Amino acid sequence: MTIERTASAAGVGAADDTPPFRYTAAMANDIEAKWQDVWEETGTFNTPNPVGELSPTDGKPVADDKTYVLDMFPYPSGKGLHVGHPLGYIGTDVWGRFLRMTGRNVLHTVGFDSFGLPAEQYAIRTGTHPKVTTDENIARYRSQLRRLGFAHDQRRSVATTDPEFVRWTQWIFTQLFESWFDPQAEPAPGGGQTGKGRARPIADLIGEFSSGAREIPDGRPWAELSKADRAAVVDSYRLVYITEAPVNWCPGLGTVLSNEEVTADGRSEIGNFPVFRRSMRQWMMRITAYGDRLIDDLDRLDWPESVKSMQRNWIGRSYGAQVAFRLADDAHAGAGPIEVYTTRPDTLFGATYMVLAPEHPLVDTISAAEWPADVPESWTGGAATPIDAVAGYRLAASRKSDLDRQENKQKTGVFTGAYAVNPVNDNRIPVFIADYVLMGYGTGAIMAVPAHDARDYEFAGVFGLPIVDTVERPEGMPSDEFHGGEGPAINSANDEVSLNGMAIDEAKSTITRWLQDKGFGHPRKQYKLRDWLFSRQRYWGEPFPIVYDADGIAHSLPDTQLPLTLPPLVDFSPADLDPDDPNSEPVPPLGKATEWNTVTLDLGDGEQTYTRELNVMPQWAGSCWYELRYLDPTNSKSFCDPENERYWMGKDPSRPNDPGGVDLYVGGVEHAVLHLLYARFWHKALFDLGHVSSEEPFRRLFNQGYIQAYAYTDARGVYVPAEDVTEETPGEFRYQGQPVHREYGKMGKSLNNVVTPDDMCAAYGADVFRMYEMGMGPLHESRPWQTRDVVGSQRYLQRLWRTVIDEDTGAVRVSDDAPDVETLTLMHRTIDGVRTDYAAMGYNTAIAKLIVLTNHLTKSGVDPAREVVEALVLMTAPLAPHVCEELWNRLGHDESLAHGPFPQADAEFLLDETVEYPIQVKGKVRSRITVPADADAAAVEATALADEKIVELLAGAAPRKVVVVPGRMVSIVP
RNA sequence: GCCCUCGUAGCCCAAUGGCAGGAGGCGCCAGCCUAAGGAGCUGGACAGUGUGGGUUCAAAUCCCACCGAGGGCACCA
C-alpha cells in the first residue's frame with residue numbers, strides 16, 4: 001500500500017534515529033485530535049448573531065464587520081468523501097479563518113442536502129428506512145469533515161431532512177402558494193429593479209376581483225362564480241399551481257423529472273432510464289414570471305462570466321414579433337389564423353412557406369381532405385390524402401426519441417394541403433408540419449424564411465421551396481450560398497411600407513409598427529425558460545403542505561399544522577413499472593399511507609375531511625433557501641429573524657446597486673443553472689413578500705475546480721489499483737510488471753483510483769492534506785491528484801515545526817533577540833504578500849511566500865527570532881490550523897489564535913531605498929542601472945542614457961524615444 | 001454545429017503588457033550526514049511560454065486564424 005509506504009517514509013515506525021520530537025504523521029494526528037476537541041469544547045467557532053438565541057451571551061453588540069462564507073452543501077451519499085470533495089471546503093475555511101483572524105465576525109458552517117433518490121432507492125432494495133441511511137451517512141460525513149479541522153459553527157449545521165427545516169421549507173411553499181405575480185405592480189420597496197412586477201399576496205388578488213377593481217380574464221362577474229370557479233380563477237394566478245402539462249415521465253424511476261434532470265439523449269440523469277414526453281397533472285412553480293429579473297439582475301452579481309452566460313442562455317430571452325397569417329381558402333373560414341413568433345420580422349417578405357409543430361392544435365383543422373393539384377410527390381409523404389400524411393407523420397414523430405430526432409439531421413415533414421397568406425404581400429404560401437418546429441416554444445408555428453434561416457434553408461432544399469432574399473448579400477457572395485448575416489433589406493416593400501435599404505434593426509421596428517397598425521401582429525418577448533415542474537412521485541422528500549376538500553379544491557395547511565412529516569412506510573417503491581412503457585401511470589408511495597392521507601381539519605369552514613397531496617417536493621427545494629436557515633437555525637418563530645438576515649445578507653450601501661446576499665459562495669460549476677436559478681427565484685419571491693431584505697441569495701459566486709485523477713486499465717481493459725501503478729520510464733506505466741494504459745478524469749470507485757481524506761489524514765495529518773490541496777494551484781482550476789507530491793507540504797510543516805521546536809529535546813528554540821534587517825524585511829514583505837493572496841484566495845502563491853520565509857530561517861542556521869517565528873505561525877494558521885495552534889501555544893500563548901492577531905506589514909520595510917532598472921534597447925535587456933527609489937522619470941532616463949554600455953550602443957546618436965516605466969524598466973528606441 | 005475555459009521545464013504551477021534574474025512544490029543529479037538505506041540539510045541541471053500572423057518601445061499576457069484539452073448548449077424560429 002502506498003499509504004503505508006509513505007507513512008513510514010514520513011517517519012512513522014521508521015528507523016530508530018527519527019528524532020523523537022519530529023513533526024510526523026503520528027505527531028500531527030495527536031495534535032489535530034487535541035485541537036479539534038479544544039475548539040469544540042470551547043466553542044471557538046461559534047459565531048454570534050445580532051439577535052435571538054445565538055446572540056452574544058454577554059450582551060455585547062456583534063462586530064459591524066462581518067463575512068458570510070458558504071459552501072454548496074453536500075448530499076451525504078453512502079460512499080463518503082474522496083479527496084476531491086473537500087477542495088472547496090478547505091478553500092472557504094482558509095478564507096474564513098484568515099478573515100476571522102483579522103477581526104471579522106465570520107459565519108461559516110456546513111449542513112446536508114439530505115433528501116434525495118439514492119437513500120430511497122436503497123430503501124426500496126433493502127427495506128431500510130431512508131431516514132436511517134441518511135442519518136448514518138450524515139454522521140459519517142460529520143466525522144470526516146471534523147477530521148479536517150474546519151472552523152464551522154456546528155450549532156448552525158442543519159440538514160434539509162430535519163423536521164424543523166422541513167417545517168420552514170413547507171412554510172415557504174405555502175407563502176408561494178398564497179401569492180401571485182402582478183406584472184403591473186411597482187417593485188417592492190428597497191429593490192434595485194428597473195421594470196415593474198412583483199409577487200403579492202393572493203388575498204390582494206381576491207380582494208381586487210371581489211371589489212371589481214380587477215376583471216376576471218373571461219369577463220364574468222366574480223359574484224356570479226361558483227366556489228369552484230372562483231378557486232379555478234385564483235389558482236391560475238398562483239406562484240405555485242397545478243396544471244395538466246407535458247412532462248418527462250420516467251417509469252423506470254416511477255416519477256416525472258424536470259427538463260433539467262433529463263439528458264440530451266432523452267434519459268434520466270439518475271439511473272439512465274428512458275424518459276417519455278406525455279401529459280400529466282403536475283405542480284408547477286411560476287419561475288417564468290421572474291424571467292426578466294433573473295436575467296437582468298445577473299448584471300448585479302459578482303459571478304463567473306461563464307455561469308452568467310449559461311443562465312442567460314437557459315432563460316433565453318428574445319425579442320421579436322408575433323404575426324398572424326390568415327388561411328387562404330374558404331374551406332378554413334373560421335379557423336386560424338396561424339400565429340407565429342419570429343425574431344426576424346424584417347425578413348417577412350421572404351417568408352415562402354410555414355411550418356407547424358406536429359402536435360399543433362390547428363393541424364387537425366387545416367389538414368385538407370385531398371391534395372391540391374400539382375403537389376410534388378415529395379410533399380405528400382407517399383400518402384393518399386393530407387389527412388393520412390399528417391397522421392402518418394405524427395405517429396412516426398411520436399415514436400422517435402429525442403435522440404433519433406437529433407441523429408436524423410435530414411429535415412422531414414409533410415404538406416398539410418392548406419395554404420396561408422403572407423400579410424405583407426398577400427402571397428399564398430403552403431403550410432407544412434415538421435418536427436424541427438417544437439410545440440413548446442413560441443407559438444409552435446413558424447413563418448419560414450429559407451433565405452436567412454439555416455433550418456428553413458435546409459428544409460426548402462429538401463422540398464424544393466422558393467427562396468427569396470430580403471437581406472442584401474455582401475459583395476462577391478455567391479447567390480446560391482446561405483446568407484444568415486447582416487445587410488440592408490431588399491425586396492421588402494408593398495404599397496404601404498418599404499424596408500428596402502434599412503439595416504436589420506430599423507427594418508424590424510418599421511415592419512413591426514406596420515403590422516401592429518394593420519392588426520396583423522405585435523411585438524413580443526419570448527423565453528426559453530419554462531415553469532418549474534415541482535412535484536415528484538417519490539417518498540423521501542418534503543410532503544406538500546396541501547390538502548384537497550370535497551370539491552377537489554387545494555388548500556394550504558395553516559402554519560400551526562407544520563411541519564407535515566412523512567408517514568412511516570414499509571414498502572417504499574413507487575410502483576413496479578416497466579421502464580419502457582410510456583403509458584404507465586404514476587402511483588406515489590404516499591398513496592400507500594392510507595391513514596395519513598386523509599385528515600379532518602377546520603380550515604375556517606368548520607371541521608371537514610380533507611385528502612392530502614401525495615406528491616413530494618423535488619430535492620432542489622431545501623437548497624433553495626438553506627443559506628437563510630444557517631443564519632438563524634434555532635429560530636422557531638420564523639425561518640430567519642429579519643434582523644439576522646439583514647446583518648448577514650443585507651445590501652451593502654457602499655456598493656452601487658448591491659443586491660445583497662452571501663459574501664462568498666463556493667461550489668462546482670455543475671450547479672450553474674439548476675440550483676442557482678431556483679434559489680434565486682425563491683429568494684426574489686421572499687424579497688417581494690417582505691421576508692428578506694436582500695434581492696439575491698449569493699452576491700459572489702466562485703467555482704472551484706475539480707480534483708481529477710489518473711486511472712489505469714490493463715490489457716483486458718480492467719481498472720487496476722491506481723496507487724500501485726509505477727512509472728518505470730516516463731510515459732510507461734506498469735502494474736505488477738504488466739504495462740497498463742493511463743486515462744485521466746474523475747475519481748471513482750469503478751475506476752479503482754479513489755483516495756480518501758481519511759487515508760491522507762492517517763498518512764500525513766489533516767494539516768498536510770489541507771496545505772497540499774491549497775498548494776496545488778489556483779482554487780478555480782482543475783488539477784490531477786498526485787499522492788507522491790503531498791510530501792512537499794509535509795516537508796514545509798516539518799521545517800516550520802523545527803523553527804520552533806528542537807526535534808531532539810522538544811524544547812522551544814526561538815531566540816528573543818531582534819531579527820536582522822534582511823530577515824525583518826523579508827518578513828514584512830511576506831506579510832504584505834500573504835495578506836493580499838489570502839484575500840484573493842491565491843493560496844498557492846501565499847504558500848510559496850511562506851516557504852520562502854521559512855527556508856530563509858532554516859538556512860540561517862541560528863535559532864530564529866521570536867518575532868519572525870510568531871508571524872510565520874500566525875500566517876500559516878489558516879492553512880494548517882492545528883499545528884499552528886500547537887506552536888502558538890508552545891510559544892507561550894494561552895489564547896487560541898483563531899481570532900488573531902494576524903500580522904501587520906510595516907510599510908517601512910516594503911519600499912526599497914534603491915531600485916534596479918533593466919534597460920532595454922530594441923526590446924532586449926542590454927544593461928542595468930541602480931537608482932534611488934524616489935528618483936523621478938527624468939532622473940532615471942538621464943542615468944540610463946549615461947550608462948556606459950548604453951552610450952556605447954547608441955554610439956552618439958540621440959535616441960528616438962525613451963520610455964521610463966516607474967519602478968519597472970527603461971526602454972530605449974534608438 | 002454554437003458558446004465558455006485553458007495550453008509556460010519530465011509533472012503540478014508563478015508571472016495578465018514591463019527583466020521568464022521562474023515564486024514555490026514534486027521528480028531527477030551531486031555534496032554533506034549515515035555502517036547503510038531512508039529522512040534531513042546544501043547545491044545543481046532542465047523550458048523560452050501549443051502553432052502561425054498582427055498591434056506595441058515592449059507580448060506568456062492584447063487582437064486574428066489554426067491545433068489540442070476540458071466544460072456547457074444543441075433544430076428555441
Side-chain angles (χ1 to χ4, degrees), chain A residues 8-11 14-15 17-19 22 24 264 304-310 313-314 316 318 320 340-344 355 402 405-406 409 411 434-438 440-449 453-456 458-459 526-529 669-670 672-673 703 705-706 708 727 729-731 744-745 771-772 775-778 780-793 795-796 798-799 802 807 833 842 844-852 855 858-859 861 916-925 928 959-963 965 967-974:
Chain A
S8 56
D17 62 344
T18 299
R22 172 161 291 176
T24 60
E305 209 41 58
S306 62
V307 175
K308 290 191 193 183
S309 109
M310 280 159 75
N313 188 31
W314 190 264
S318 68
V340 303
Y341 171 70
T342 176
T343 55
R344 290 294 301 276
V355 184
D402 288 355
R405 280 197 182 193
Q406 278 165 40
K409 290 293 178 196
K411 290 277 182 289
D435 64 6
Y436 84 92
V437 173
L438 310 174
Y441 182 78
T443 61
I446 61 157
M447 65 174 208
V449 183
D453 181 282
R455 297 151 301 187
D456 298 343
E458 205 185 313
F459 189 88
Q526 178 68 36
Y527 306 88
K528 284 200 269 184
L529 182 71
V669 71
E670 71 270 18
V673 281
N703 294 126
Y706 296 105
Q708 299 187 286
E727 189 172 4
T729 50
Y744 179 59
M771 289 287 296
Y772 171 63
M776 291 167 88
H780 61 88
E781 272 175 31
S782 295
R783 59 308 277 288
W785 176 266
Q786 302 211 68
T787 300
R788 66 172 194 194
D789 289 0
V790 178
V791 69
S793 303
R795 286 182 191 148
Y796 167 69
Q798 285 178 336
R799 280 201 294 275
R802 263 201 305 276
E807 287 189 329
N844 54 327
T845 51
I847 289 169
K849 292 178 176 89
L850 293 170
I851 290 173
V852 170
N855 288 352
T858 306
K859 279 178 205 175
E916 189 187 54
Y917 281 82
I919 304 168
Q920 285 185 352
V921 179
K922 281 203 226 166
K924 282 185 180 158
V925 177
R928 293 172 191 284
R960 277 198 295 153
K961 191 171 178 183
V962 179
V963 181
V965 185
R968 305 225 70 130
M969 63 146 33
V970 181
S971 185
I972 297 172
V973 190

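First the proteins, then the strands, lettered A, B, ... as listed; each starts at 1. Source: prediction; values computed, not measured.
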Choosing from [options], which nucleotide comes nearest the side chain of [X]?
X        : options             : value
A/Arg795 : B/A58, B/A23, B/G40 : B/G40
A/Pro778 : B/C26, B/C57, B/A14 : B/A14
A/Asp435 : B/C57, B/C75, B/G40 : B/C75

Roughly, in whole Å, what's the span from CD in A/Glu781 to P in B/C6?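 Taking atom P of B/C6 as the reference, CD of A/Glu781 is at 8 Å.
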Atom-pair distance (CE on A/Met969; P on B/G18), nearest Å: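 Result: 9 Å.
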Considering only atom [atom1], compute the distance from [N] to [M] and round it to an integer number of Å.
N     : M     : atom1 : result
B/U61 : B/G10 : C1'   : 25 Å
B/U55 : B/C64 : P     : 15 Å
B/C12 : B/G70 : P     : 14 Å

Side-chain (A/Tyr917) to main-chain (A/Gly967) donor-acceptor, under 3.5 angstrom: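 Yes, because the side chain of A/Tyr917 sits within donor-acceptor range (under 3.5 Å) of the backbone of A/Gly967.
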Pick base, sugar-phosphate or nothing for [X], based on heavy-atom distances below 4.0 Å to the nucleic acid.
X        : value
A/Pro304 : nothing
A/Met310 : sugar-phosphate
A/Val852 : sugar-phosphate
A/Arg799 : sugar-phosphate
A/Gln786 : sugar-phosphate
A/Ser782 : sugar-phosphate
A/Asn855 : sugar-phosphate

Strand partner of B/C46, provided both Watson-Crick or wobble distances fall under 3.5 Å: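 Across all strands, not a single nucleotide pairs with B/C46.
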Who does B/A69 pair with, Watson-Crick or G-U, both distances under 3.5 Å?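 Paired with B/U5.
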Where does the angle between the aromatic ring planes of A/Phe459 and A/Tyr436 fall among parallel (under 30°), tilted (30 to 60°) and perpendicular (over 60°)?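 Ring orientation, 0 to 90° scale: tilted.
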So does A/Ser306 reach the base of B/C4 with its side chain, donor to acceptor, closer than 3.5 Å?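 For A/Ser306, whose side chain was compared with the base of B/C4, there is no donor-acceptor pair (under 3.5 Å).
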